[in-house]
Structures are given as structure tokens and as C-alpha cells.
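Working notes, structure below.
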Amino acid sequence: MKVTFSVNGTNRTVDVPADMPLLWILRDTLDLKGTKYGCGESLCGACTVHINGAATRACQVPASALNGRKVVTIEGLSADASHPLQRAWQELDVPQCGYCQAGQIMQAAELLANNPKPTDEDIDAAMYGNLCRCATYHRIREGIHRAAQIAANPRAASRTRDDDAAAQGAS
Amino acid sequence: MSTPMRPFDRRDFLRVSALAGGGMLLGTLVDFSRVDVLGAAEPAGEFEPNAFIRISSAGVITILAKNPEVGQGVRTMLPMLVAEELDVAWQQVTVEQAMSDETKYGRQVAGGSTSTPTNWEPLRRAGAAGRQMLIAAAAATWNVPAGECSTEAGVVHHRTSRRRATYGELAAKAATMPAPALNTVPLKDPKDFKIIGKSIPGVDNLKIVTGKPLFGIDVTVPGMRYAVFEKSPVFGAKVASANVDEVKGLPGVQQAFVVEGSSNLSGLVPGVAIVADSWWAARSARRRLRVTWEQHATAQQSSAGFQAKAKEFFAGAPQSVARRDGDVAAAYAGAAKVVAAEYEYPFLAHAPLEPQNCTARFADGKMEIWAPTQAPQGGRQLVAQTLGLKPEDISIHIVRGGGGFGRRLANDYMVEAAWIARQAGVPVKLVWTREDDMQHDFYRPSGYHKLKGAVDANGRITAWENHFATFGDGQRFAQAASISPNEFPISFIPNVLFGVSQMPLGVPTGFLRAPTSNAIAFVYQSFIDELALAAGRDPLQFRLDLLSQVGAVPASQGNPASPVDAARMRGVLELVAEKAGWGKRTLPKGQGMGIGMHFSHRGYFAEVVEVNVSPRGEVKIVKVWVAGDVGSQIINPSGAMAQVQGSVLDGIAEAMKQEITIEGGKAVQSNFDDFELLRITEVPPVEVHFRTTEFPPTGMGEPALPPVIPALTNAIFQATGKRIRSLPLARHDLSWG
Ligand code: FES
Ligand code: FES
């Protein structure tokens, strides 16, 4: 079937089977490889994208449900890696293997959009379904807090883990 | 330590370029094939002192990352070593993944936490050699003694004459300078390190946070099709029949065929391949595939059966004795207390988040492979043997893997992709489903231990006996199913008996992060606590006393029969106890602290876990303290911390909830609903301390994992009085009161 929907601000029309999940349309039809396959069953969150602003598991959304929707993927989160989460993730060296991180960032982006200063409890509630096999969870939490700071003060100088360690040692 | 490096040989470079298939892939594959790109248009005046460094006249400084990256950080850490001694600023460096080429780069494997110890010196020497040739080029140009020249951030200076030249400016001249002998080229004094010891973020982070193609599953080659491969759930069973003709007619399907394979579980196993226009088409067609599998000899095997067989072994004497020191029977007779207990642990899957996948193209007798593998060289051998190709006709691009944990040391996905690509006659990307990944792993084998030990009136362990029931054919152990008879604390105890009995296994097994250590640390460190309790001693003091005991074979660094250095172990034990405030607080019922320590992969780790167990039996880990000794230098503190925290959380997940159950010769679990990973809500603070010692630095990917499991189960005992002798904890009722 033919469906037309917006991907990262551009309208795209694809002719695919009605049951083909958005995940595979993005990856194989539109060649946007940032959205990842982890489980195919809504169990891991690696495929998280935004549909009309809501964090959604792309492996669960068939082509037939896409007409007229607005999809944003990790590739469309910012034009230049400037989204506070993208900045925080690099500053704090959040990724290990990195495979879950597109999904983590898209999930966290929805959280920050609705809640600019989330508490640990807010983060737990929002991020519960996003698995990280490498267990980078300490830094995911830290990264979300840092991103909230960056969003509040985008001009703040970027920091490194060594800066943070030095600051902690001094306090 | 042998160094595989030799002066750069232009023929090697051209050979690699030719192997890589020339410049055909330029448009689509820039990220994966920079070797091709550079080979196709090698600029004049480029300086390549060895396989790891390339400096262009334009000043582009490229460092080759030799080993596979699967999240353990070596694509960043190994180039740091080169950059430090080359004396460039990290911001000047472009890191490029090396192809698989043992002749050029030496051993390229991500396993055993070996990247650090085996490369620490050779890669620094490679960098130092490059720097020395650049200095020689500057000295010759300026006609001054080389000894008067210095370097800083990619520039050679002659301070007295105030002359300077960048490495790029010197590249053409440096290429004509004689290469110094690598084993004598001087290295920096560690106090002058500018890169080593700094937290350097991962070199692929920008691609990761912007979703650029990076992982194996992201590879695209021109004309590529997508493949799925269905194998028998009973491992290695042959295809009796399959409706491939019907499947061939399904939408998008190009080909469907039976792969005969063999029942050798470490080779290409039988199955049915479907090649289609898209992965979704292949996967959809697979839902209509009907395969009848032949009867298979191992179809009756089960976890329950293995456990019963172990019990049967334990009723008698072990099949063989691997170590016997002193006389355990005499020790029991003279003991104050004798303790006996049986321990067991389950099969485990690796479950890296990126399912197994591989891309392969076969043309003109040559196989080109893009693989997220931890062991490309093993993969080349497997593909060569199975397909009857010459190893030199196989080229392998090492692609970042979305997690490894030892899973990608096996190359089953590689040989499948290669076979399917050749038979299909088109390039294919094979992508497994999560269910394939979970049900066709090389599992951490389950294991069963019957232990007996004795303490004397002074609280010293006088006897230690282990009857280990495991898997093998009587001649050889199944992979990762043998445990060293020399594991701590055996060498510290005068009377020891280590017996082994083997049962046959039809389940593929392999190395899981900290292999064997992830199992034996749980068993031995728990049993040490049982003996401490019998002796009426504090678990920490009991361990410190144990470390000063002398066994039949004196313990020392590097002694294979007794590899543990007691002083280093004591060092981390004392450090973690201090940081955790061991013994400083009296905890009420339901709360407890436990301790565990382990030596593996040349690293010493001791860990303390504090738990809170509710009366209903819910476990909350309050905090974990870690002390590690991996030698003189933490190369990348950010990466090191990530590996330690990740290892600790990995161990917690294994202890709390992970298990693969075998029933009817198959793995029962299939996805993350029945094989659960840790969640963000379950993560305790993990406080990490390093103790630096004079030993050369060693690897971080594994040794922090093993101690956390017994530290946790020992803490649960302190909290509840319940001794955990089998894993995972999810099996146990921990309620109290
Ligand atoms: S792939 Fe969609 S949730 Fe796992
Ligand atoms: S970083 Fe590897 S799965 Fe999250």
C-alpha cells in the first residue's frame, strides 16, 4: 500500500506491505539507520521515535497506521547534534556499545519536552521501558539531568568527565 | 611480548586495497571502507611509519584502531596509546577502524580483556617510532642534532633557533627516514602523559547520538538483498523437508533454499534461508515457512536432566581428579568444623542488544564480509573451511557491534551470511530476529559443584574439596565448561581435592563476559562465607587471614598453578572494606552487607554489596562499592569507569534474574520478556576506587563482574539468614519474619 507521512519534516510516500512496521520502513525503505531493531516486540525501546510528538516504539506501528503522521527520528532530533541530550550524551560519554542510545535519547527527549526539570523519579518512570544491555543507566540518568541544565542555559561551556571529577574532588 | 609490527610495506597496503574490492563502494560506504577510499587515491608524501599511523602532507593524522569495538571502548583507548607517544593532541586525530589483517596488525580480537595488556607497550612504541622519524626529518631539514628537537601537539620544535614544523609539513621527508627498532625506541615518562589518564569520550559518540550508520546491522552494499535463516530449535537437527517452493512465491521473496550444514554446533548448522527484497519481506515469508526437522539425538536433553545427572555423579567419586594437594580426609578428621554444600548456576544468554547479523558479497571467487565480530580472524578460518575458500580470498571489514559480551567471539552468523550470499549469487545482509539470537546463542554453560571444606580451631581453612559436574564428551570439555583447578582459594589451602565429572551436551556453549569466573566466584566466595560462619569469623577478616595462609604450591604472580598475588588481593580487599565502612554499622534484620573478591583477566577486584530485603522477600540493592587493581595506569578513566559499572550491573542482572532453561533439547526463553535485562529502576549507586600498583596495566572489560555476584548473595545471607546456593535469585523465596 502507498502511505504518505512526514519524516523529520519532509513528506515521504512509500509503497510497502500494510503490515510493515515503521521501524523497517525507516531503516530499509528510507535508509534511516539510526532507529534500531532490538526485540521487535515492544520490549526494549531501541526503536523509539516520535510520532506526532509522542515517544513510540516503531516496531509496533504498521504502515497502515502512518498516513498523515509526523515522525521524528534520531536523525531529525536536531540538524547539527545540538539538542541538549545529544550534547550531554557526548560530554558525559554516555554510550558504551551505543546500540540502545538512539532509543534512549528519543525517549528522554519526550520527557524533557514535557518536563524540563525531571526528578530521578520522573526519569525512572519515563525510561523504565528502555533497556540498555551495557547498563549505562547511571550515565543516562546523569545525561538527562545535564541536558536539562543545558536546555536552561544553552551557552554554558561544555564539560568533560574529568572536569566533573575535579569539581567533586574539590568540594 | 611479541610485536607483530614491522616497517610499513607498500605492497601490503596495496594488497589490502585490492582485497577490499577497490573503490567500488565509495558512494555508499564511506564509513565502512575508508581503507578502500585511501587505497584508491593515495596522495603523495604520506607518512606511514607502521600499520597504525598515517600522516598526510595536508596534516591529517590518522590512527588505525586495530581491534573490534563492541562497547568495551578499545576503538578509543588503543589509538590513545599511539597518539600519546606520537605526541599529537587528541583533537588532531582521526581514528579509523582497521580491516582484519593479522599480518599487518597482529592479533585482532576483542576477548579475554587482552587488548590492554597485549597492546600497552607495542602501540606506544608504534607511536614513539613515528615521532622519532618526524624528529629525524626535522633535524635533517634544519641540519641540527635530533637531540635538540622536541615535539608538542603534532609540531616539531627546535627551540634554540625558534624553528618549528608541523607533522604534515614533515610527512614527505619523514617517510624517507630509517625506521627505528621498535623494541628500543624510547617511551615517555608516565608523568609526561597528556592523553593517557584523561577521560576521552568514545570516538563514535557523535555518530551514535545523531543516528549515523555505524553498526553491523546498518551496513549497506550495492545490490544487496536481505536474508533470514531458520534453524532447528533442537540444536543442529537436519532439515527433513521444507515448503521452500511455496515460500519462493511469497511477496518480495527472491530465493529460498535448504542449507545442508552439519550437526557440528560450532560450524554451519542446517537450516532454511530466505532471501528477499527487504528484511520485512524475508521475515514475513518465514512466518509461512514450514520445516520438518529430523529426529535429533539431543532432543531429550533438559536443564532438569542435567541437574539429575549431576546428583547422580555426586553420589559417587568424580570421573577424574584434576588437582590433589595434601590429604583432605586427614584434614577432615582433625578439623574443628566440616562444612558441605552443593551449588549450581544456570545457562545464560549473552543477549547483546544488536541481534547477530552479517553482510557478505561473493564475486569472482572472492568473499567480502562486513561483520560485527569480536574475532574476525577466527571468522575467516571458519568461512574458509566451510566454503572451501582460501583464507586470502576472504576480506573482512570489522564493524562496530552493538554489544558483544563474548557472543561475537563465535562467527556462526558470518559463515551463514557467506554461505547464503554465495548460493544466492547476490550480496546479502543476514539479520537474525531477537528470538533467533536468544535461542541460538553459545550459552554460558550451567554447572554443578559439590563442595566440602574444613576449618581448624584457629579459624584456618585446612581442606577444600570440589566435585565439579560439567559438560564434555569425556575427552574434551564443552566450550567454557572447564574451570581451572587452580582458582582461588585453592592454592592457599594445604589439603585440596578437585574432581571433575562430565556429561554429554547438545547445546552450544561459549564465553560470556568473565567466562568461568562469572560462575566460580559465586560458588567459592559463597562457600568461603559458609566456612567463615562455621569458624565464627567475620567474612572480611576470614578472607584476610586466608590470604596469609600458605598452600601446597606457593602463591605468586605468574605462577600458573597459583596465579593469585596475595598482596594485590589484600590491597583491594582492604580498600573496599574501608570505603564501604565494613563492620562499622550494625544493620537490622532485613539489611546486610556482603563481600566478594576475585582475580581474573589479570585484574584484582573486591566488592561490597549492601542490600535491603523486605519481609516479603523483595531485594533492593542499596549500594555497591568496588576496589580494583589493574596495575599502574588507568588509561581512559571514563571508559574504565563505564566498564566497571557496566560489569557490576551485568553481574547483578545475572544474579537476580537471568536464566536460560533447556527443555526438549531447545532453549525455552526467546525474548526480553522471559530473559530480562536490568532496568534503570533497578540500578544502585556503584562507587569505584582503583588502587594503582607497579604492574603493567591490564584490561577492564571483565574482572569487575565476578565478585559482585557472591557479594550480593552473601549480603542476602547477612540480611535474611538464607544461604543462596543456586541462581538466579528469582528462583528463591527470600521472605522472612
Ligand atoms: S525493537 Fe521495538 S521495542 Fe524493541
Ligand atoms: S550502550 Fe549498549 S545497549 Fe546501551
Side-chain angles (χ1 to χ4, degrees), chain A residues 16-17 19-21 24-25 27-29 31-41 43-44 46 73-75 77-78 81 83 85-87 89-102 105 123-124 127-141 160-162 165, chain B residues 69-73 198-202 204-215 217-218 220 226 251-252 278-281 284 351-355 400-405 431 433-434 637-639 641-643 645-646 648-650 653 671-673 677-681 683 685-686:
Chain A
V16 295
D19 67 347
M20 185 166 177
W24 297 104
I25 298 174
R27 291 185 53 82
D28 291 347
T29 312
D31 196 28
L32 291 168
K33 298 288 197 279
T35 306
K36 295 296 192 262
Y37 167 63
C39 69
E41 299 288 344
L43 297 167
C44 76
T73 70
I74 185 76
E75 291 93 339
L77 189 61
S78 71
H83 188 283
L85 286 161
Q86 292 170 315
R87 286 176 56 186
W89 250 237
Q90 293 183 80
E91 282 184 20
L92 296 175
D93 195 20
V94 173
Q96 283 187 34
C97 82
Y99 194 76
C100 71
Q101 300 294 349
I105 290 172
I123 292 172
D124 278 357
M127 305 304 291
Y128 178 81
N130 285 76
L131 301 178
C132 176
R133 172 63 179 89
C134 305
T136 59
Y137 297 117
H138 294 111
R139 290 188 187 182
I140 289 172
R141 184 185 300 286
T160 68
R161 295 206 73 84
D162 286 342
Chain B
E69 174 65 66
V70 289
Q72 81 285 40
K198 292 280 185 313
S199 284
I200 306 284
D204 290 330
N205 282 356
L206 179 61
K207 284 182 182 168
I208 289 168
V209 303
T210 53
K212 295 287 183 303
L214 179 65
F215 297 91
I217 202 169
D218 302 336
T220 305
Y226 300 81
S278 74
W279 190 79
W280 185 250
S284 301
L353 201 60
E354 180 190 22
R400 189 179 180 99
F405 314 104
V431 179
T433 62
R434 169 57 51 196
S638 176
M641 185 67 80
Q643 287 307 302
Q645 291 184 325
V648 164
L649 298 181
D650 204 352
N671 208 318
F672 294 126
D673 50 349
L677 306 184
L678 213 63
R679 294 180 185 277
I680 195 168
T681 46
V683 170
V686 179

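Source: prediction; values computed, not measured. Lettering follows sequence order; numbering is per chain, from 1.
Contact of B:Val648 with chain A is not made at all, since no heavy-atom distance falls under 4.5 Å. Only the side chain of A:Asp31 comes within contact range of chain B, with at least one heavy atom under 4.5 Å from a heavy atom of that chain. Interface residue A:Ile105: only side-chain heavy atoms are found under 4.5 Å from chain B. Contact annotation for B:Pro251: neither backbone nor side-chain heavy atoms come within less than 4.5 Å of a heavy atom of chain A. Only the side chain of A:Ile140 comes within less than 4.5 Å of a heavy atom of chain B; its backbone N, CA, C and O stay farther away. Only the backbone of B:Ile200 has a heavy atom closer than 4.5 Å to any heavy atom of chain A. The contact between A:Ala46 and chain B is made entirely by side chain atoms (from C-beta outward), counting heavy-atom distances below 4.5 Å.
With rounding to the nearest 0.5 Å, the separation of OG1 in B:Thr220 from CZ in A:Arg27 is 8.5 Å. Atom-to-atom distance recorded for A:Tyr99:OH and B:Arg400:CZ is 12.5 Å, nearest 0.5 angstrom.
Remark: A:Lys36 engages B:Asp218 in a salt bridge, criterion side-chain N to carboxylate O under 4.0 Å.
In this structure the side chain of B:Val209 reaches within 4.5 angstrom of the side chain of A:Gln90, judged on heavy atoms. Between B:Leu649 and A:His138 the shortest side-chain heavy-atom distance falls below 4.5 Å. In this structure the side chain of B:Ile680 reaches within 4.5 angstrom of the side chain of A:Ile123, judged on heavy atoms. Within the 4.5 Å cutoff, no side-chain heavy atoms of B:Trp280 are placed close to those of A:Asp28. Looking at B:Lys207 and A:Pro95, their side chains never come closer than 4.5 Å, going by heavy atoms from C-beta outward.
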Full working for side chain to side chain contact (heavy atoms under 4.5 Å, CB included) between B:Thr210 and A:Glu75: CA-CA 5 Å; B:Thr210 53; A:Glu75 291 93 339; over 6 Å; no

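Closest approach of B:Phe405 to A:Cys134, counting heavy atoms only: CZ-SG, 3.9 Å. Looking at every heavy atom in both residues, A:Gly38 comes nearest to B:Pro355 through O-CG, 4.2 Å. When all heavy atoms of B:Ser638 and A:Arg161 are compared, the closest pair comes out as OG-CD, 3.1 Å. Of all heavy-atom pairs between A:Cys97 and B:Gly402, the closest is SG-C, 3.5 Å.
Looking only at distances, a side-chain donor or acceptor of B:Asn671 sits under 3.5 Å from a matching main-chain atom of A:Cys39. Between the side chain of A:Tyr37 and the main chain of B:Arg434, a donor-acceptor pair closer than 3.5 Å is present. One N or O on the side chain of A:Asp93 and one on the backbone of B:Gly202 form a donor-acceptor pair closer than 3.5 Å. Judged by distance alone, with hydrogens and angles left aside, the side-chain atoms of A:Gln96 form a donor-acceptor pair with the main-chain N or O of B:Ala642 at under 3.5 Å.
Most heavy-atom pairs under 4.5 Å with chain A, from the set B:Ile208, B:Leu677, B:Val70, B:Leu353: that is B:Leu353. With respect to chain B, the highest number of heavy-atom pairs below 4.5 Å among A:Arg139, A:Glu91, A:Glu41 belongs to A:Arg139. With respect to chain B, the highest number of heavy-atom pairs below 4.5 Å among A:Met127, A:Gln101, A:Met20 belongs to A:Met20.
Counting only N and O atoms by type, the side chains of B:Thr681 and A:Asp124 include no donor and acceptor under 3.5 Å apart.
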